[in-house]
S.K.: 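Let me give you the structure first, and then I'll get to my questions.
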Amino acid sequence: MTQPESVVEVDIPVAGTPAAAVGGTAPSRRRAPWWLWAATIVVLVPVAVPILFLAARALGATDAAWNTLWSFRTLRLIGRSFVLTGLVTASATVIGVGGAWILARTDIAFTRFWGVVFALPLVVPSYVLALSFVSATGPRGLIADVTGFATPHLIGLPGAWLALTIATYPYVYLITAAAIAKIDPALEEAARSLGASPSRVFRTVILPQLRPAVGAGALLAALYTLSDFGAVSLMRFDAFTRVIYAQYSGRLDRTPAIVLSIVLVLVAGVFIWGEQRTRGKGTYFTRSAMRPPARHQLSTAQRFGAVGFLGVTATIGVLVPVAVLLSWLWRGITIGSDLFVPWKAIGGSLTAGALAAALAMMGAIPIVILAVRYASKATRWVERSVFMIFSLPHITIAIAVVAFTIRYATPVYQSILVLGLVYASMFLAQATSAAKASLLQVNPALEDASRSLGKGPIATYLRVTFPLMARGLLAGGALVFVTTLKELPATLLLSPPGFTTLAVRIWSAADEGLFARAALSSLILIGVSILPVYYLSIRPKHVLDT
Amino acid sequence: MKRILALGLAATLLATACSSSSGGAGSITLYSGRSEDLVQPLIDQFTELTGIAVRVKYAGSSDLAATITEEGDNSPADVFFAQDPASLGTVALAGLFEELPDDILSVVPSRFSDSQGAWVGTSGRARVVVYDPSVIAASEIPETEDGFIDPSWEGLVGIAPTNGSFLAFVATKILTDGEDATLTWLEGMESNGSPTYPKNSPIVAAVNDGQIPVGLVNHYYLLRALAENPDEPGANHFFEVSTAGGLVMPAGAGILATSDNKDAAQRFVAFLVSDEAQEFFATETFEYPLVPGIEANPLLPPIDTIPTPDVDLSELATVLDVATDLVAQAGLL
């Protein structure tokens, strides 16, 4: 989280004036309409149920649970998770923002190709990334096989750091890229015409305006890292989630795991609070019509560096995992393994992803409007709860939902509807982050104009606000879609019997050491996720058309 | 946007329709802690044979045991088919299993089933030492797992301390050697800096890749790796004396007391201990068949020659929490 903090210390040329409170002039002082709150509360029910259920269980926890918590080792593991999360967030932010700036604001060639490839690691489940890194490195790894040059084994903190940086920088990149496209180029041009160097323009003009987007992306990266289990366990890095999973699977008494999960939420709270604290009170919308920005002309050396940066990142994030997967698949084919296309799992994944994305987009609308147009203490708690559930280990959420629905909602137990609601609430933070970043860039004067022309508030939201934030919302939906495709623990426990997804197929096959099958499902998963990623990546260009 | 919403809605309706269309008298719901890749072909055989449809929920054995205990009297499951005796024991301790009829229990030697008849063992999984013979000779491997806490094995022995099979071994060691000896062993492994893995298969992969020379795993992961790539260097070593480290753990199945289709559920469990299914476990999953007369994979020593420790498998679940505590206390968790 060090990156975003440094951002706000920079002088904010547009936004620094005290009068420019969030939301501009009048709207912030207006009270939120009751129906906006009503809709938000409905959305928050599936978010709050697991959190409250866990809190209730933790209150009735046994002594053993509290003893686990206070053991020295537990505290040390919290520290380790904290360090890993800090490192990953810093590197993911640098890579994500750097990539977004190069692709949106320089005259580098093949931006579409790079845009898609650069975002692609988003769709590779972090456990597949970690597994492929483990398999590619070392004296008998794929890299040694192909190049004859043995790399050291990638394990522990460096391994977890690399795998999770690759898994999370696309969140920063995509949200930042969407925001960069909407920055008014007039400010940069003014700065440049006054003699500021390109790097100074980037630091003092562009970065401060990107603050909400970078912060949102960095927070998603941080919380993803904190709750990740697949990559840290394969990299054999002792993170806090490992203990939580171990306590779940190794005990009849599940309260210790619940108490530890609550602690994880509190740790996540530090990051959430930090992000909210460092948020500027600036405005981020432009008041004038926008022109496409002039692209910075790179010198030969700079071009070399930029292409090298994109190329190295794409090689580690895309080429290495895909090469490892192909080598497993190839080996399976040559020895005649029983391979088949998992059609049912493809159907299951698409159903799950589409349902989760649709529900999350709908849920994000009232929350984002509240948070941006009627920011208050209460709305900050709404946002916090959305990030809290994002930071919980999925197994914890899944068991809480099992316990809750079997008691109080038996008819919908193990239904696809509950599964969709759980996905949507777990990943709601991605939808709200993307949509919020885009709504912050909509000038509320447009809404005021609509109202002054006699439109009611609902008509204004439908006709003015909603279309303007739709792109960000769709980006959020696409993020939720690809994240849902990677989800495993909740899918396993909450889906109807017989329902399966590609992530389940990968887990099942890899768990049994059937790597050729796991590779086939992984490659299909990457394949079906390319379309939403393609949409996410080319979207910033389209923004200018609207 | 509208299109996406419509698509999502249509998909939901379709999926709901699909999930409610199966069901009825001729079907059971199975919670399987054994993975789809292993057992789905066997389940398909059962359906073909009996006409009974099986709706399967696949997940980790311990996660499903937790799910079943949370579900309690409302569980939609008819049968729980699990990978390890501790998960089965968790459900048995909660009193959620129906006692199995004798004609199912009597097929399998009683030491591989619950002593109260709550679940029956369906296949055997032996704890072994996987090693790389090009680095370490079989004769260098100690007599029991206790030898591995010697400092000469520092950093060399891969373990999966959070894995269900490893915990079942620790629970067994508690029952055979006592808590103190078990903690001493775990602490020895920890102070030796034994590399830890999330589960068995990456240990076998690490041995085959030359990252570590030795690992404590279940016997069949190596056989599967060899089936995918016959050039893998690893080999299995079975302890020659009776020790917790040479435990043969059964996978097994039980019928939920809340099942509303116990006849079909019994036919399914009976099928798992039929000759046909036992042959399947021997040839397809490389496990030990438990029904006498069915031969195991020729690469394996006969199950009767493995000096497995003398423990009541039903008791494993009662010391599971202690096992996890000891693993945590030793700093391996």
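Chain identifiers are assigned alphabetically (A, B, ...) following the order of the sequence lines, protein sequences preceding nucleic acid strands; residue numbering begins at 1 within each chain. Note that this is a predicted model, so its numbers are computed, not measured.
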S.K.: Given heavy-atom pairs under 4.5 angstrom as the criterion, report whether the side chain, backbone, both or neither of A:Tyr413 touches chain B.
M.R.: side chain

S.K.: Can you tell which part of B:Tyr221 gets under 4.5 Å to a heavy atom of chain A, answering side chain, backbone, both or neither?
M.R.: side chain

S.K.: Just how far is it from atom OG1 of A:Thr405 to atom CD of B:Glu70, taken to the nearest 0.5 Å?
M.R.: 10.0 Å

S.K.: Does any backbone or side-chain atom of B:Ala206 lie under 4.5 Å from a heavy atom of chain A? Answer side chain, backbone, both or neither.
M.R.: neither

S.K.: Using non-hydrogen atoms and a 4.5 Å limit, figure out which bit of A:Leu252 sits close to chain B: side chain, backbone, both or neither.
M.R.: both

S.K.: Atom CZ of A:Arg407 and atom CG of B:Asp73: how far apart are they, to the nearest 0.5 Å?
M.R.: 10.5 Å

S.K.: Quick one: CG on B:Asp321 to CD on A:Gln247, what's the gap to the nearest 0.5 Å?
M.R.: 8.5 Å

S.K.: At a 4.5 Å cut-off on heavy atoms, which part of B:Leu30 comes close to chain A: side chain, backbone, both, or neither?
M.R.: neither

S.K.: Who wins among A:Ala246, A:Gly332, A:Ala356, A:Gly420 for the most heavy-atom pairs under 4.5 Å with chain B?
M.R.: A:Ala246

S.K.: Return the OG1 to CZ distance between B:Thr162 and A:Arg242, rounded to the nearest 0.5 Å.
M.R.: 5.5 Å

S.K.: Listed by residue number, which members of residues 34-43 of chain B have a heavy atom under 4.5 Å from any heavy atom of chain A?
M.R.: B:Ser35, B:Glu36, B:Asp37, B:Leu38

S.K.: Which answer fits A:Thr334, side chain, backbone, both or neither, if we ask what part of it has an atom under 4.5 Å from a heavy atom of chain B?
M.R.: neither

S.K.: Take atom CG in A:Leu531; do more than 12 heavy atoms of anything else shown fall under 6.0 Å from it?
M.R.: no

S.K.: Any side-chain heavy atom of B:Lys57 sitting closer than 4.5 Å to one from A:Ser495?
M.R.: yes

S.K.: Which heavy atom in B:Ala59 sits nearest to a heavy atom in A:Leu492, and how many Å separate them?
M.R.: CB-CB, 3.8 Å

S.K.: Is the closest side-chain heavy-atom distance between A:Leu234 and B:Pro198 below 4.5 Å?
M.R.: yes

S.K.: Let me know if A:Ile395 has heavy atoms under 4.5 Å from chain B in its side chain, its backbone, both or neither.
M.R.: side chain

S.K.: Among B:Pro76, B:Ala86, B:Pro161, which residue has the highest count of heavy-atom pairs closer than 4.5 Å to chain A?
M.R.: B:Pro76

S.K.: Do you know which of A:Leu493, A:Val402, A:Ile155 has the most heavy-atom pairs under 4.5 Å to chain B?
M.R.: A:Leu493

S.K.: Give a yes or no answer on whether the side chain of A:Arg236 reaches the backbone of B:Thr196 with a donor-acceptor pair at less than 3.5 Å.
M.R.: yes

S.K.: Taking B:Ala168, B:Pro195, B:Ala225 one by one, which has the highest count of heavy-atom pairs under 4.5 Å against chain A?
M.R.: B:Pro195

S.K.: Side chain, backbone, both or neither: which part of A:Ala510 has a non-hydrogen atom closer than 4.5 Å to chain B?
M.R.: backbone

S.K.: Can you measure from CG (B:Asp63) to CD1 (A:Ile399) and round to the nearest 0.5 angstrom?
M.R.: 5.5 Å

S.K.: Minimum heavy-atom separation for A:Ser249 to B:Leu320, with atom names?
M.R.: O-CD2, 4.5 Å

S.K.: Picking from B:Thr67, B:Val54, B:Leu167, which has the most non-hydrogen pairs under 4.5 angstrom with chain A?
M.R.: B:Thr67

S.K.: Where on A:Val134 is there a heavy atom nearer than 4.5 Å to chain B: the side chain, the backbone, both, or neither?
M.R.: both

S.K.: Tell me, for A:Leu494 versus chain B, whether the close heavy atoms (under 4.5 Å) come from the side chain, the backbone, both or neither.
M.R.: backbone

S.K.: Could you tell me the separation between the CZ atom of A:Arg254 and the OG atom of B:Ser62, rounded to the nearest 0.5 Å?
M.R.: 10.0 Å

S.K.: Hey, which of B:Gly89, B:Ala66, B:Pro202 has the most heavy atom pairs under 4.5 Å with chain A?
M.R.: B:Ala66

S.K.: Non-hydrogen atoms of chain B under 4.5 Å away: do they reach the side chain of A:Ser415, the backbone, both or neither?
M.R.: neither

S.K.: Can you tell me which portion of A:Trp328 sits under 4.5 Å from chain B's heavy atoms? Options are side chain, backbone, both or neither.
M.R.: neither

S.K.: If we define contacts as heavy-atom pairs under 4.5 Å, which of B:Asn163, B:Asn229, B:Asn200 has the most with chain A?
M.R.: B:Asn229

